[in-house]
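Values reported hereafter were calculated over all heavy atoms of this structure, with side chains retained and with hydrogens, waters and symmetry mates removed.
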Amino acid sequence: MRSAPFGNHEGGRREEIKTTLGTFKTLRVQPTAEAGVVKNRGNIWIWYTDDERHLPVQMRARLFWGTLTFRLTGNENK
């Protein structure tokens, strides 16, 4: 698995996100990439639940060729 280091994030906007698991109160952040494949190539937004779990509910990446949106479809406690 590859990872890219992220620096500070901008945002902190509260939004409600609807998924197949229900509606979540979330906090949207926009991390900035310091290096890696996404540096200076687009924008990324991540929506985390606004509670103690900080569960990632949605992620959106806007790149030069299009936009990808990922939504939470399941949650297993192991």
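Between atom CG of residue Asp50 and atom CZ of residue Phe24 there is a gap of 13.0 Å, rounded to the nearest 0.5 Å. Note: Leu27 CG to Ile46 CD1 = 11.0 Å, rounded to the nearest 0.5 Å.
Taking hydrophobic clusters as Ile, Leu, Val, Met, Phe, Trp and Tyr residues chained together by side-chain heavy-atom distances below 4.5 Å, Trp45 shares a cluster with Ile17. Val57 and Leu68 fall into different hydrophobic clusters, where Ile, Leu, Val, Met, Phe, Trp and Tyr are joined by side-chain heavy atoms under 4.5 Å apart, directly or via other members. Hydrophobic clustering (ILVMFWY, side-chain heavy atoms < 4.5 Å, transitive): Met59 and Leu63 are in one cluster. No continuous path of hydrophobic side-chain contacts links Trp47 to Ile44 [ILVMFWY only; heavy atoms under 4.5 Å]. Hydrophobic clustering (side-chain heavy atoms under 4.5 Å, transitive across Ile, Leu, Val, Met, Phe, Trp, Tyr) keeps Leu72 apart from Val29.
Thr69 and Arg60 form a side-chain donor-acceptor contact under 3.5 Å, judged by distance and modelled atom types alone.
Proximity of a side-chain donor or acceptor of Thr26 to a complementary backbone N or O of Arg28 within less than 3.5 Å is not detected.
Ion pairing between a basic and an acidic side chain is recognised when a charged N comes within 4.0 Å of a carboxylate O; Glu16 and Lys25 show no such pairing.
Taking all atoms of both residues into account, the shortest heavy-atom contact from Leu55 to Asn75 is CD2-ND2, 4.0 Å.
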